[in-house]
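For reference, the structure discussed in these notes is given below.
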2 protein chains.
Amino acid sequence: MTGQVRTVDGRVAGRRGQATRQKLLDCLSEMLSSSPYRDVKVIDVARKAGTSPATFYQYFPDVEGAVLELAEQMAAEGAGLSEVLEEGSWVGRAGWRTAQDLVEGFLDFWRRNDALLRVVDLGAAEGDKRFAKIRAKILSSVTGSLAATITELQSKGRIDKDVKPAAVAGALVAMLASVASHQKSFQGVKPAELKPNLALLVHLGVTGRKPTR
Amino acid sequence: MTGQVRTVDGRVAGRRGQATRQKLLDCLSEMLSSSPYRDVKVIDVARKAGTSPATFYQYFPDVEGAVLELAEQMAAEGAGLSEVLEEGSWVGRAGWRTAQDLVEGFLDFWRRNDALLRVVDLGAAEGDKRFAKIRAKILSSVTGSLAATITELQSKGRIDKDVKPAAVAGALVAMLASVASHQKSFQGVKPAELKPNLALLVHLGVTGRKPTR
DNA sequence: ACTTGTCCTGTCATGCCGTCAGCTTACCGA
DNA sequence: TCGGTAAGCTGACGGCATGACAGGACAAGT
């Protein structure tokens, strides 16, 4: 499906080429973690990778293009975020456990990829459809699953008819994503205290009821 | 409190100076709305304002510095976000109304300042304390008020003891902010449908109960 | 008109951007 | 072993943004 990796000028990349390409991506990823996105320059990435700017431009049209590549890789990994939800139940104690697992997985994924996710979020918010698509890919599996759960509960009459499952699910996921990327701003609230409260909100939102612990 | 407006090289700005300074800020604001933050250049802002780059550097150290100035102005206005909560009650129908008003005010404020808020959010997430402070200033009045309400309900025994008011309030506000800045991503959910669902989640989170409409 | 202090711009050195031609390296078939 | 071909890399270049400076334009008071 992925086809062959190609350089900007159309050549197919061989073993060595793919290696430097990946090295550039790795260095870019490091730079994103250590400096503001606005200040990440091609020349810095190239220097860090022990190569020249011209080489960078052989593999990527610009910094944004390379970031997109990184983001795609991350999105592939992030699709696993909803594994918890495939099997998890939202009934009784299992529901509380499911909510907790979801929060845990989310915060963990964000902690591992915070720099990249910031950039994706910015790009999406600025209206760049490529970034919006990637963000959707990461979040959609979770929102979709949550929405399905809500719809099911709704059909059983346990949730009001005028609740829009997609809206509630999307809002809850947005909450998790936002809190995850601003964890440091929650001064006075330790991460250990934060998680159960997030899980509580998720459980409340999905089931409309307080969890039984 | 604001003292005199000063140029970078320490001189006090007169009437004319303040005018061009403000014009630069206005043009910067426009540029932020129309192009990605990463691509906003000093020279473009200066050209748009009918002046030269050198003039820009007389009033601001760099683009970031000017953005901070804009953000401060916005933060001052945004403090009014919590007016709704000062008088609002969370009991019965009034509670539902309060939640709705809060959501309405939030989305409206974000719609009016989306470009700037994106940048502030990014800066804060990247660890820049100046931006984090501004973000806190905008959100804290709301979180503080919500947290106070939760604490009060808690003291009456209507909410579990192990709920951390600050955590719940912060998460709800983060949700509102995040949803507001990604409104376009909610495809398939119209804004008119989104709002009541957000209000529902806010009400659930604050009071622990479904609203009576 | 002269002075004073504010305000703006022309200009310059520096450094990054993005592209090209051209050199080096690896692979492969004869 | 040896050339041929394509991949891989870089030096160098014009172009543009940055940031600093000195000096000219302007308004206001005398």
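Within every chain, numbering begins at 1; the chains are lettered A, B, ... in the order of the sequence lines, protein sequences first and strands thereafter.
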inquiry  = Counting primed atoms plus P, OP1 and OP2 as sugar-phosphate and everything else as base, spell out the protein contacts along nucleotides 11-27 of chain D at 4.0 Å heavy-atom distance: B, S or - for each nucleotide, 5' to 3'.
reply    = B-----SSBBB------
inquiry  = From CG of Leu24(B) over to P of dT9(C), roughly how many Å is that when rounded to an integer?
reply    = 10 Å
message = Could you tell me how far apart Phe60(B) (CZ) and dC7(C) (P) are, to the nearest whole angstrom?
response = 13 Å
request  = Tell me what Tyr59(A) touches on the nucleic acid: a base, only sugar-phosphate, or nothing, going by heavy atoms under 4.0 Å.
outcome  = sugar-phosphate
inquiry  = In this structure, how many angstroms lie between the P atom of dA6(D) and the CZ atom of Arg6(A), rounded?
reply    = 13 Å
request  = Give a yes/no on whether any side-chain N or O of Thr51(A) is located under 4.0 angstrom from OP1 or OP2 of dC9(D).
outcome  = no
message = Would you say Thr7(A) places a side-chain N or O within less than 4.0 Å of OP1 or OP2 belonging to dA7(D)?
response = no
key: Rounded distance in Å - CG (Asp39(A)) to P (dC16(C))   = 12 Å
For residues 111-120 of chain B, which side-chain donor-acceptor pairs fall under 3.5 Å, sequence neighbours excluded?
from, atom 1, to, atom 2, distance (Å)
Arg111(B), NH1, Asp108(B), OD1, 3.4
Arg112(B), NH1, Asp108(B), OD2, 2.5
Arg112(B), NH2, Glu77(B), OE2, 3.0
Arg118(B), NH1, Ala125(A), O, 3.1

query = So, is Thr55(B) close to the dC8(C) phosphate, meaning a side-chain N or O under 4.0 Å from OP1 or OP2?
reply = no
inquiry  = Within the structure provided, determine whether Leu25(A) and Phe60(A) are in side-chain contact (heavy-atom separation under 4.5 Å).
reply    = yes
remark   = OG of Ser145(B) to CD of Glu86(B), rounded to nearest 0.5 Å, is 6.0 Å
ask   = For Trp90(A) and Leu85(A), what are the C-alpha separation, side-chain angles and deciding distance, and is it a side-chain contact (heavy atoms from CB on, under 4.5 Å)?
value = CA-CA 9 Å; Trp90(A) 286 95; Leu85(A) 303 173; 3.9 Å; yes
request  = Determine, step by step, whether Arg38(A) and Glu64(B) satisfy the salt bridge (charged side-chain N to carboxylate O under 4.0 Å, His left out) criterion, reporting the C-alpha distance in whole Å, the side-chain angles of both residues, the deciding distance to 0.1 Å, and the verdict.
outcome  = CA-CA 10 Å; Arg38(A) 201 168 194 283; Glu64(B) 206 182 72; over 6 Å; no
request  = For residues 45-63 of chain A, pull every pair meeting side-chain hydrogen bond (donor to acceptor under 3.5 Å, both in side chains), keeping only residues two or more places apart or in separate chains.
outcome  = Thr51(A)-Thr55(A), Ser52(A)-Thr55(A)
